Each structure stands twice: as C-alpha cells, then as structure tokens.
Colleague: 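If you scroll down you'll find the structure; I have some questions about it.
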Amino acid sequence: LKITSLILCTCVCVCVFWCQAQSSTRNYGPVFEEQPVHTLFPEGSAEEKVTLSCRARASPPATYRWKMNGTEIKMEPDSRYRLVAGDLVISNPVKAKDAGSYQCVASNSRGTVVSREASLRFGFLQEFSAEERDPVKITEGWGVMFACSPPPHYPGLSYRWLLNEFPNFIPADGRRFVSQTTGNLYIAKTEASDLGNYSCFATSHIDFITKSVFSKFSRLSLAAEDARQYAPSIKARFPADTYALAGQVVTLECFAFGNPVPRIKWRKLDGSQSSKWIGSEPLLQIQDVGFEDEGTYECEAENIKGRDTYQGRIIIQAQPEWLKVITDTEADIGSDLRWSCAAAGKPRPTVRWLRDGQPLTSQNRIEVSGGELRFSKLVLEDSGMYQCVAENKHGTVYASAELTVQALAPDFRLNPVKRLIPAARSGKVIIPCQPRAAPKATVLWTKGTELLINSSRRPDLMTKAFLSLSPISLKSASAGNCQMYRVNRHFNLPLVWFFFLSRVTITTDGTLILQNISKSDEGKYTCFAENFMGKANSTGILSVRGPPGPPGGVVVRDIGDTSVQLSWSRGFDNHSPIARYIVEARTLLSSKWKQMRTNPVNIEGNAETAQVVNLIPWMDYEFRVLASNILGVGEPSLPSSKIRTKEAAPTVAPSGLSGGGGAPNELIINWTPTLRDYQNGDGFGYILSFRKKGTQGWLTARVPHAESLHYVYRNESIGPYTPFEVKIKAYNRKGEGPESLTAIVYSAEEEPKVAPFRVMAKAVLSSEMDVSWEPVEQGDMTGVLLGYEIRYWKDGDKEEAADRVRTAGLVTSAHVTGLNPNTKYHVSVRAYNRAGTGPPSPSTNVTTTKPPPKRPPGNISWTFSGSTVSIKWDPVVAKADESAVTGYKMLYRQDSHSAPTLYLASKSRIDIPVPEDFTHAFVQIRVTGPGGDGIPAEVHILRNSGTSMMVEDSVTRPVPHAVVITTNSLVMVALIRYLEL
C-alpha cells in the first residue's frame, strides 16, 4: 500500500468516520403469496374441476411441483392433473382417487420451500331410508322424542322437523326442541295440537350449494290426557367432555321433559359467567371461546315439581401460533449464525426444520435442537431456503426465510451513488452509500479532495479508520487552537483536507446527509468502500436546483360535453428538467382547485398540450397548469378564461325514491331533487313510471323543473294502502337518462276500521290511572298502525271534550296522569295511523281515589333512651273527602351530607336506633294511603343532656317539597320522589 504523509491544521475538533454498508442481492428464493386451502367438493356438482392455488414471489421465477399424501404428482399430457401457473387443476375429481392431502413445492436457483398441507374432501348427503317409520303413541301431557337417524353425509347438517306437510316447520318454542347435534325432536309436554305426522328435514350447506332431504313420516297419536304434574328429566344432553379450539363458537344443548314445561338455566361451576355467553334456554353459545372459558358447566331444568341437573366440561385447545419466526438473513462467510423460532398451542406444538424442502437434522457444523438452529463457520453451501415447522394435532404452521452466505469485494455496479444529485436551496439532501460487499465494507466520503467527517467525533478516537493520525509540533499554531497531524493513508487518494461542517452528518450505515444546502455545496461527492476482499468507489455530482416556475398562456379549445383541449407555454425549469405537468380545475359550485384526469394520464415535461377528460356536461370551469420536477411542484399558472362544457343527456338516475301518505285515492311519489352537478343540460325534469304491483302496463308522468321533489297521482280506482311499483329517470333537452331501480310505494292509507277491545282502567292514587286493552289485528289494518289513542272524560261531560293521550308502536297499555281526585271518568281507546283515528272501543268507567289528607302530622315529639330515639306525633284523621290513612312514612337524615333512610310506621310513633355520638338529625313525616302521600312535616331533632322532650308544631311552619330536596345525595332525591308516589 502507498503511504503518504499529510499535514493537517484545523481550528475545530477533527475526526475520521467510517461505516459499514448493507450488502444487497438481486435474486431471492420463493416466498409464498398464496397457498392451498382446505377444499370441500360437493359430489354430483356441475363443476368439472377443482383448483388448488399456489403462487410464490421469487427471482428468478419459481417452478412448481405438487405432492399428494407425500408422493409427487406426475403431470403427464393425458393426466387429469394440470399445472396452471402454480395452481393445481384436477379435472373430473373422484373421491376414491383424489381425496387426500396436497402440498405445493416452489423452487428456483436460490432454494425450495413447501406450502402448508391442504386437504381435498368430498361433501355428500344421501337420502333417508325408504322404510316406513313406526307410529308413536303416548299419553297426552307426557314428553316424547322422535329420532331423526340422518342418512350418511359429510360435513355436518342442520335439522328441522315437518308436521303433516311441507313447509309446516315446527318452531323451537321452549316446549319443543330440535337438536342440531343428533337431529332428534324433543317435546317436553305433549298437547292435543301435537297430534299428526312428523318428518325429519336435514339440510347440507356446501359453499353455495344447498341440498335437503326428509324422512318418512312417523304418526304421533295421543292417549287420554294425564293432567298430573311431574318433575323435570333431562333428555337432550351435551357431551361429558366438549373439546373446542380457541376462537371458535361452542354450543351446548340441554332439554328436559316435565309438566309444567321446565325452564333451563346455565351456570359455570368453577368461574363466573362470561360476557360472551349467548343463552336461549336449551342452548348455551360461547362466542370466540378462550382458555378462560375452560371449566365445568351445569344445565339445570326446573319446574314447580322439582329440578334435574347435568354437568359436563369444556376443554379448550389451540392450533399452533407463532410467537417468534425466522427472517431472511445475509451472513458473512466464516461467521456463526443462530436461528430460533417458537410457537404456542395446545397440545404443545413440536418443531422441526426443513432446508430446501427436505428435513434438516444435526450434522457436522449444524446443530438442530427443537426451535433452535445453529451454524458454525458458515460456508457458501449453507445458502438456501429454510423453514421452521410447528405442528400439533390441530394444524401446522410454516415460517420461511432465506439464508445467503456471501464473500464479495465492494461493488457499486448494482447500487452506485446517484450520478446526478439535485438539491433545493436551503433544503436537505440524503446520499446513500450502499455497495454490495461481504463482509460489510468500511466506507468514507469525500467532496473533491476534502475528506468529510462528523463533528461529533475526534480524530484521536478513530484508531481503526482508514487514516492513521499522529500529532506533530507546529510552532506557528496560534492560540492553541490548531493541531497538526501526520496522516497515513490506506486509500490511493490525492492530497486531501479534512472538511468539517456542522451541517454534515454521516450515519452508521454510510449515508451522507447535508442540511441547509447552499450553492457552495455543489461538487463531486465520492463514497470509498473497502473490505479484505477488495475496494471500490462511486461518485455523484450534487447540483443545487429548485422547482419549475409557473407555465403561461393557458388556452381552452375543442370544448365538448365531457372533455376540452388545453394548451400552455413552457415556464422556467430552474436548472432541473420539468418531469411532468398537472392540470387542475374548479367550478362555480366550488372555489377549491382539484386535480383533473387527462389524456395522456401522465403529461410529460416536454408537452405543451393535453386533453382534460371526465368533465361534467353543462358545467362552468376554470383551468390552471402546474409543472413539477424531482425537486417538487412549482407555482400554478394564471387561471384560464371561464368556459362551459356542452350539454348531454343525463347519466345518473335520481335517488331517494319513496312515497306514501296523502288523501284517499292518491299515490304520492317522492324523490331527491338532482343536484346541478348531474343535470347535464337545460330543460331538466323527471319521468315517472308506475303500476299497481302485479299488473303489466306502466303509467308514465313527466314532471318538469329540476327542483321538483314529488308527484301526486289521483284515481278513484286506487284502494287504500295499495302497493305500486315505481321507477324514475331524468331528462333534459339532449335526451333521457337511465332508469332507477324499482321501488315499492304504497297509496294513501285509510283510517283503521276496527277498534281495540277488552279495555280496562284501574285507578292509581288520586290523580292517575292505568289503562290496558287488547290490540287490533294487523290483518284488519289498511295502513301502518302507529299506535293507540286513549280518550277520557268526566262523568257528565261529552266525549267531544275528552282529553287524549297517544301511545307509539304496538304497546297495549298506558299510564294517565293529571286526573281529578274522587272523580268518575269514562275511557275509550282507538287505533290510529297516518290517515287518522279509527272507531272507539266500548267505553269503560273508572273512579279515582280520594286525595290524601292535606293536614301534615302535628305535635311531633321525641325522647332519647340510650342508643334509641322514640318519635311520636298526633294521628292524622282523614276527612270525608279524603282517602283513609293506612300508615306513615318517615325520612330520616343524620345531616345535610348523609344519605337519607326511609322508615314505615303503621301507628303514630316509631323507635329509631342512633349512634352514641348522635347530636342532631332532620326528620320528615307524612301520611300515606290509597290516595297517595300527604304533605310532609319536618323537624330538627337535637340531643340535650339526659332525657329531653321537645315539641315543634309543623302545622305552623309547613315545609314545601322543594325544601326537602336540598341535599347532594341522589339517593335522597330518589326516596323523596318515591314518597311522593
């Protein structure tokens, strides 16, 4: 090596920097992007082939082979097996020959990987046995079970039962239950309505193919009713041990015979109920089951005669899941390597290794130990594709990675420093140095003859760099700030100076970063790289530039309905070639500029014209053009003159088609007016087509004006609430647009024709009542039932003066308030819809109770005795026009911050326990009875020395309710509201 001496003088700390660059490779081994999946093929399907997918990303491209049950499939010309890209296509699949486990093998010059195994199975459902089924005779009131005995099938089935004929399916109503495990039908307690013929109906679902079969009918006859009640007996039971995979849905079945019909309850004996439970009596479903759901579960069937229980366990297991996987690795020749992978699962997965698709075991320099793979002193032959395979009885997972062992001198041919490096003034530029090298190369940077270093490192720390520095004396050094170094250079470089700038950063991977770029930074930048295999360098030229200036003279011509032609003049490129142009536009509807689609899609930098496409017909536009280069997008041009595109027929159907309501014999059709953006031309309007549902001919109507939003069709032949099929399209001067989808719109409704019945009214307190009734039948309605209207009026008044309360929906009861005490009312109920109110029900009568006594309890006194206070008051006697006093309510509160306590007393005294440190309390007392609660009396109790008697006449100082609600305690507010009931 040539040794050169260099004298260096600097006024700042100087250091030498080196880095190692990552090596890169062009080719790589196969990486699966699509692997075969478990496939179920229906026997007898019209499909004539099965395709198992396989696709791998690789360079050079991968070749493919397939294995069935571990044996390679031969792709012969006349074989039913074909290879399409990487996919395996099986023509005319046959269960006896083709059912099995398949695996894809992808290979290229870098190595081989195998896919996960995928099974091909054949689904089928045979017919039920043709033998007649025995009749069943049982005493009415007893339970009975019908066995389904489904025919051979794969996969599982869903079950229903027919009663007498199709499609009269038996519902699951608590008394009857169809097991989806066995298909059996259970009836907990037979009734006279159960008499008839029963058939099991089984359905198979395979992809989009559904097939159903049903059994011969079995006759159920009932003997004389046995009205005796008996305790439950569980007949349908879930397994003693239920195994499930984590993440699945677990369903347990439990059903019992009994009279009365038993209720089913579920509980977990060794833990609390999960929020994932979905219980519907005979079934318990647990969504997304996890290990926390494992345990013992109990089903309990109970009625008034007793109970029966059954217990079973849920055991959770899991497929293998990676906790740690291997990744592609590039390693230097002669180095050591340790790879590890780990997987979770239950049972615990076993781990094995593959190299290029073949099993890998310990040998020479390679040690395999479970999830650990160790290499000692790597050689080039160790390169290849490796797979870590974790498996248990529930599945197998593969993790693949490529090992590349390299021994290369630095080489910039695949990734040289960019020849021309543009940079914006005051900006930042990043220049990577990434030669291909193994072992990794040490790198340094120069600008011309100046060596670039980081400011954070001192020269005396760089003992292992390319340059060996040793200080020498320099008598002319001023102020002690200059240091002279002798530099031993290992590169054949010309005379170099250390170039120190605070704006220069060289990262650990060899990337050069220059910040706050100025014109003085222009020049040649060279990256030098070296390892024991050799050395190389690569140079780029930094040029300081900026984005282009604005284009000029934007002109619009060749105006069509959806396109225009634009032309412009070229602006300044600011020392960087214009790469492309962008066209933007705005309309009068929006001031925001938006990028437009053009022809060509990408407008090259040497173009000065382009077509703008996908415009809206009959729309006003302004256009502008922007130029861009590698440094960014420049300023926009001035806007073009405003233009309007030509008219065209509508291209969008109006939306929001609906309707309904109106007067008798009317059909009202509504829609959403079309926005200006979609009118496409002048003379805009709508064309409606409608017909009564089930008829052939269409009626049409033209509705002018874009802002129109409804149309009313009147005809005496239109019945109430009649369904019509309706569709709509738009038109303008240029033609008609597409029709919308057909919507169903109903004609005007008619008032209900039937009245509710069995109206009952019951007085509640002195000013309230509850009203209930039987609803009208939906089949009797000529419209949509909106609810019910309760009318009530005082005895002696006319019904026209009645007060009214309306309910919403299908509720059949109402609570009415604001009544007068001790007053007789007449009550009737009517159904109503959008057309009006129907006929009234027969009226019923109710008399509200008398009001509670107005006088609060008086002469309240109290006596302390140890830890008890006795409170007395004068009894309140109801007057003739007041309801009777049935007791007293007392609200006791220690202080204004404590929660109140409610006490009930049947007489005019009460004893209350108090704490030893009791000093005072607040007490409210009021009467209660059928008419409600009376006015409260409030006293403030104080403890004096010894036994004391204090009296406060609450009549002389009545306390309104609002005075009571002064605490911050919500409990007290709730209790007071309860008292006022």
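Just so we're clear, the structure is a prediction, and the values are computed from it rather than from any experiment.
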Colleague: Is the backbone of Ile90 close enough, under 3.5 Å, to the side chain of Arg80 for a donor and an acceptor to pair up by distance?
Modeller: no

Colleague: If every non-hydrogen atom of Val351 is compared with every non-hydrogen atom of Gly370, which pair is closest and at what distance?
Modeller: CG1-O, 3.7 Å

Colleague: Between Asn531 and Lys440, is any pair of side-chain heavy atoms under 4.5 Å apart?
Modeller: no

Colleague: Would you say Arg65's side chain and Glu72's backbone share a donor-acceptor pair under 3.5 angstrom?
Modeller: no

Colleague: Kindly say whether Phe375 contributes a backbone atom to a donor-acceptor pair with the side chain of Arg365 at under 3.5 angstrom?
Modeller: no

Colleague: Nearest heavy-atom pair of Ile506 and Leu452: which atoms, and what distance?
Modeller: CD1-O, 3.6 Å

Colleague: Got a second to check how far Asp356's CG is from Met385's CE, nearest 0.5 Å?
Modeller: 8.0 Å

Colleague: What's the separation between atom OH in Tyr28 and atom CZ in Arg110, rounded to the nearest 0.5 Å?
Modeller: 11.5 Å

Colleague: Between Ser119 and Arg121, is there a donor-acceptor pair closer than 3.5 Å when you use the side chain of the first and the backbone of the second?
Modeller: no

Colleague: Quick one: are Arg116 and Phe32 in side-chain contact, heavy atoms under 4.5 Å?
Modeller: no

Colleague: Just by modelled atom types, is the Glu391 backbone N or O under 3.5 Å from a matching donor or acceptor in the Thr396 side chain?
Modeller: no

Colleague: Quick one: does Asn69's side chain have a donor or acceptor within less than 3.5 Å of a partner on Ser101's backbone?
Modeller: yes

Colleague: So, the side chain of Asp382 versus the backbone of Lys377: is there a donor-acceptor pair under 3.5 Å, distance only?
Modeller: no

Colleague: Residues in side-chain hydrogen bond (donor to acceptor under 3.5 Å, both in side chains) with Gln35, at least two apart?
Modeller: none

Colleague: Tell me, please, which residues at least two apart from Glu294 pass salt bridge (Lys or Arg N to Asp or Glu O under 4.0 Å).
Modeller: Lys346

Colleague: With distance as the sole test, does Thr327 use its side chain to make a donor-acceptor pair with the main-chain N or O of Val325 at under 3.5 Å?
Modeller: no

Colleague: Testing the basics here: between Met68 and Ala99, what is the closest heavy-atom pair and its distance to 0.1 Å?
Modeller: CE-O, 3.5 Å

Colleague: For Glu402, is there any backbone N or O sitting under 3.5 Å from a side-chain donor or acceptor partner on Asp328?
Modeller: yes

Colleague: Which heavy atom of Gly123 sits nearest to which heavy atom of Leu40, and what is that distance?
Modeller: N-CD1, 3.6 Å

Colleague: Do Leu52 and Cys104 come within less than 4.5 Å of each other through their side chains, counting heavy atoms only?
Modeller: no

Colleague: If only atom types and distance count, is the side chain of Lys276 paired as donor or acceptor with the main-chain N or O of Asp288 below 3.5 Å?
Modeller: yes

Colleague: Going by atom types alone, do Ser369 and Arg374 pair a side-chain donor with an acceptor below 3.5 Å?
Modeller: no

Colleague: Show the nearest heavy-atom pair for residues Pro416 and Leu414, with the distance to one decimal.
Modeller: CD-C, 3.6 Å

Colleague: Apply side chain to side chain donor-acceptor pair (under 3.5 Å) to Lys324 and Ser340, showing your working.
Modeller: CA-CA 8 Å; Lys324 182 181 180 182; Ser340 64; 2.7 Å; yes

Colleague: Would you check if Val84 and Tyr64 make a side-chain contact, meaning some heavy-atom pair closer than 4.5 Å?
Modeller: no

Colleague: Please, which pairs that meet ring pair (Phe, Tyr, Trp, His ring centres under 6.0 Å) have at least one residue in residues 316-360, sequence neighbours excluded?
Modeller: Trp339-Tyr386

Colleague: Between Cys527 and Val417, what is the shortest heavy-atom contact and its length?
Modeller: CB-CG2, 4.1 Å

Colleague: Go through the steps for Ser115 and Gln103 under the test side chain to side chain donor-acceptor pair (under 3.5 Å), then give the verdict.
Modeller: CA-CA 6 Å; Ser115 73; Gln103 197 170 25; 5.3 Å; no

